[in-house]
Amino acid sequence: MKYYDKLIFELSKPGRRAYTLPASADPSASFSIPSGLLRAGAPALPEVSEVDVVRHYTNLSQMNFGVDTGFYPLGSCTMKYNPKINEEIANMPAFQGLHPLQDESTVQGALEVYYEMDRALSAITGMKHFTLNPCAGAHGELTGLMVMRSYHASRGDTARTKVIVPDSAHGTNPASAAVCGLSIVEVKSNANGLVDVEDLKPLLGPDIAGIMMTNPNTLGLFEKDIKEIAELVHACGGLLYYDGANMNPLLGVVRPGDMGFDIMHLNLHKTFSTPHGGGGPGSGPVGVAERLAEFLPTPKVVKGEDGSFHIVGDAPLSAGRVSAFMGNFGVILRAYAYILMLGKQNLAMAGKLATLGANYIKESLKDAYKLPIPSVCKHEFVFDGLIDDGSATGKPGATTLDVAKRLLDFGYHAPTIYFPLLFHQALMIEPTETESKETLDAFIDVMHVIAKEAAEDPDILHGAPHNAPISRPDETMAARKPVLKFGDEVS
């Protein structure tokens with residue numbers, strides 16, 4: 001084992017110190033801590049020098065993968081590049097030093113950002129108003145469904161307790177509906193990977209609160225029958241919910257509101273370039289059609305006749321509060337900077353480039369990987385494993401998991417695997433509009449190399465990754481019985 005591969009606890013030597021606190025300016029001062037809050041003994045911390053501490057954290061940072069260090073083709077959960085100007089705006093002292101309980105007269109600039117972001121997102125999506133309060137995409141889904149329930153309840157239509165969800169939907173859709181107290185009804189996809197309208201029709205009735213869809217769907221295919229679907233759902237009294245996770249290719253091209261959707265959420269980290277690594281931070285603004293605006297959660301920001309901005313906390317029909325204050329302001333700032341920087345024309349270009357990049361990769365690799373639905377895709381597409389997995393050699397064939405693990409050896413993060421569940425060996429790829437042709441070509445070349453290895457010697461893939469700090473852990477055991485501190489052993 002190399003010196004720098006050791007854990008910081010293995011480098012520990014009694015008496016070593018990385019930092020010494022200065023002596024108290026008032027030696028006579030005493031600080032009394034209640035005995036019930038005191039430790040029985042000193043914490044078992046490593047004793048190391050300053051250079052060991054610096055190397056420890058530097059090495060950890062180099063083990064992490066992020067969009068700043070490499071290509072991240074993770075389908076349906078895009079890690080879009082976050083321009084550094086976004087960070088500069090969010091780190092401005094005037095924004096960083098704000099407190100949510102300040103008097104509104106002292107935070108007019110921040111309130112203006114909230115107000116203008118509502119207006120910008122509404123214009124981009126065809127909605128009437130947005131709330132920026134939800135703190136993540138799934139949180140936005142739950143909020144949108146709460147709006148849906150509040151709308152039906154206000155009309156005394158309490159029988160509407162079911163939500164229709166396509167079999168290709170993101171997993172958060174049925175989960176959010178269940179958390180909101182709604183039952184899930186599944187609608188099947190047809191042979192072309194789109195919602196089967198004939199399967200949908202018999203599901204509609206007076207107990208349907210609405211349908212949750214993303215368009216394009218998780219296969220990256222545009223739901224061409226969306227206008228008919230909207231008419232059918234509205235005719236039975238239901239509402240259409242748009243899962244904005246796949247909004248990337250639609251920017252400046254078509255708006256969910258114009259398709260007939262009544263409620264939607266956006267994932268700012270997917271569509272508007274805010275960071276979302278490691279489970280956060282996040283932001284999932286929710287937009288609604290005009291007739292649903294009064295059901296949005298509070299508080300909200302309004303503009304007075306004198307041009308000043310105010311926080312409104314009361315709304316009789318509101319779905320209520322969904323966050324402690326008004327969402328993740330720093331994330332909203334980054335997205336607002338991105339929208340202002342690109343403007344209307346270049347936002348539309350971003351959507352088109354997302355579609356171009358995905359189709360370029362798909363067409364370049366369809367001779368090596370199974371393409372179950374060969375039609376033109378939007379921002380992402382799905383393969384169903386390798387055309388030649390190497391099983392003809394008499395060895396176990398290479399799987400989608402093997403391909404994903406092998407990609408790590410070449411410095412690429414793996415795409416989404418085994419989702420959507422429509423295909424057994426699903427491999428979902430989404431390049432985003434921020435990647436150059438050279439990056440896409442290099443990725444395509446590596447994918448061809450892996451396909452060749454799978455056909456000739458699948459054992460290379462079975463043992464991958466070969467160059468990572470950890471190769472093939474028992475992933476089930478790691479999730480169910482994680483080793484969280486030094487000295488623990490797996491039982």
Exercise. Do H152 and S154 meet the criterion of a side-chain donor-acceptor pair at a distance under 3.5 Å?
Worked result: no

For this session: Before accepting this row, confirm whether a basic side-chain N of the pair K405/D402 lies closer than 4.0 Å to the acidic partner's carboxylate O.
Result: no

Problem set entry | Side-chain heavy-atom pair K128, V288 within 4.5 angstrom cut-off | no

Exercise. When the ring planes of F95 and F329 are compared, do they come out parallel, tilted or perpendicular, using 30° and 60° as the limits?
Worked result: perpendicular

Problem set entry | Check ion pair E433-K352 (N to O, under 4.0 angstrom) | no

Exercise. Is atom NZ of K162 surrounded by more than 12 heavy atoms (other residues, nucleotides or ligands) closer than 6.0 Å?
Worked result: no

Exercise. For the side chain of T400 and the backbone of Q425, is there at least one donor-acceptor N/O pair under 3.5 Å apart?
Worked result: yes

Problem set entry | Donor-acceptor side-chain pairing of T218 and N246 below 3.5 angstrom | no

Exercise. Any side-chain heavy atom of I184 sitting closer than 4.5 Å to one from V163?
Worked result: no

Problem set entry | Candidate pair H129 and T131, rule side-chain hydrogen bond (donor to acceptor under 3.5 Å, both in side chains), full reasoning | CA-CA 7 Å; H129 282 293; T131 175; over 6 Å; no

For this session: Decide side-chain hydrogen bond (donor to acceptor under 3.5 Å, both in side chains) for N86 and S273; before the verdict, give the C-alpha distance in whole Å, the side-chain angles of both, and the deciding distance to 0.1 Å.
Result: CA-CA 9 Å; N86 298 3; S273 86; 3.0 Å; yes

For this session: For residues Y72 and F65, establish whether the separation of their ring centroids is below 6.0 Å.
Result: yes

Exercise. L219 versus I373: any side-chain heavy-atom pair under 4.5 Å?
Worked result: yes

Problem set entry | Parallel, tilted or perpendicular, as decided by the 30° and 60° cut-offs, for the rings of Y115 and F309 | tilted

Exercise. Considering only heavy atoms from C-beta outward, does the side chain of H265 approach that of P285 to under 4.5 Å?
Worked result: no

Problem set entry | Flag if over 12 foreign heavy atoms under 6.0 Å of CZ, R480 | no

For this session: Verify the neighbour count for atom CD of Q108: are there more than 12 heavy atoms of other residues, nucleotides or ligands below 6.0 Å?
Result: yes

For this session: Give, for atom NE2 of H139 and atom OG1 of T172, the distance between the pair rounded to the nearest 0.5 Å.
Result: 13.5 Å

For this session: Report the C-alpha separation of F381 and F383 in whole Å, then their side-chain angles, then the decisive distance to 0.1 Å, and conclude whether the ring pair (Phe, Tyr, Trp, His ring centres under 6.0 Å) test is met.
Result: CA-CA 7 Å; F381 63 93; F383 286 130; 5.0 Å; yes

For this session: Determine whether E223 and N217 make a side-chain contact, defined as any pair of heavy atoms from C-beta on separated by less than 4.5 Å.
Result: yes

For this session: Please check if any side-chain donor atom of D384 sits under 3.5 Å from a side-chain acceptor atom of H424, or the reverse.
Result: no

Exercise. Taking atom CG of D474 as the centre, does the number of heavy atoms from other residues, nucleotides or ligands within less than 6.0 Å exceed 12?
Worked result: yes

Exercise. Regarding N248 and T271, is there a side-chain donor-to-acceptor distance under 3.5 Å anywhere?
Worked result: yes

For this session: State, with a plain yes or no, whether a side-chain heavy atom of V322 is found less than 4.5 Å away from one of P297.
Result: yes

Exercise. Between K300 and D118, does at least one N-O distance fall below 4.0 Å, as a salt bridge requires?
Worked result: no

Exercise. Does a salt bridge link K188 with E186, judged by any charged N lying under 4.0 Å from a carboxylate O?
Worked result: yes

Exercise. Would you say the side chain of D167 lies within less than 4.5 Å of the side chain of L422, judging by non-hydrogen atoms?
Worked result: yes

Problem set entry | Main-chain N/O of Y151 paired with R155 side-chain donor or acceptor, under 3.5 Å | no

Exercise. So, D68 and K84, do they make that salt bridge, N to O below 4.0 Å?
Worked result: yes

Exercise. Around M349, counting heavy atoms of other residues, nucleotides and ligands shown, do more than 12 lie under 6.0 Å from its CE?
Worked result: no

Problem set entry | Any R119 side-chain heavy atom under 4.5 Å of I124 side chain | no

Exercise. For F443 and Y412, what are the C-alpha separation, side-chain angles and deciding distance, and is it a ring pair (Phe, Tyr, Trp, His ring centres under 6.0 Å)?
Worked result: CA-CA 8 Å; F443 175 73; Y412 295 102; 5.6 Å; yes

Exercise. Around I85, counting heavy atoms of other residues, nucleotides and ligands shown, do more than 12 lie under 6.0 Å from its CD1?
Worked result: no

For this session: Please confirm whether the backbone N or O of A315 pairs with a side-chain atom of S318, one donor and one acceptor, at under 3.5 Å?
Result: no

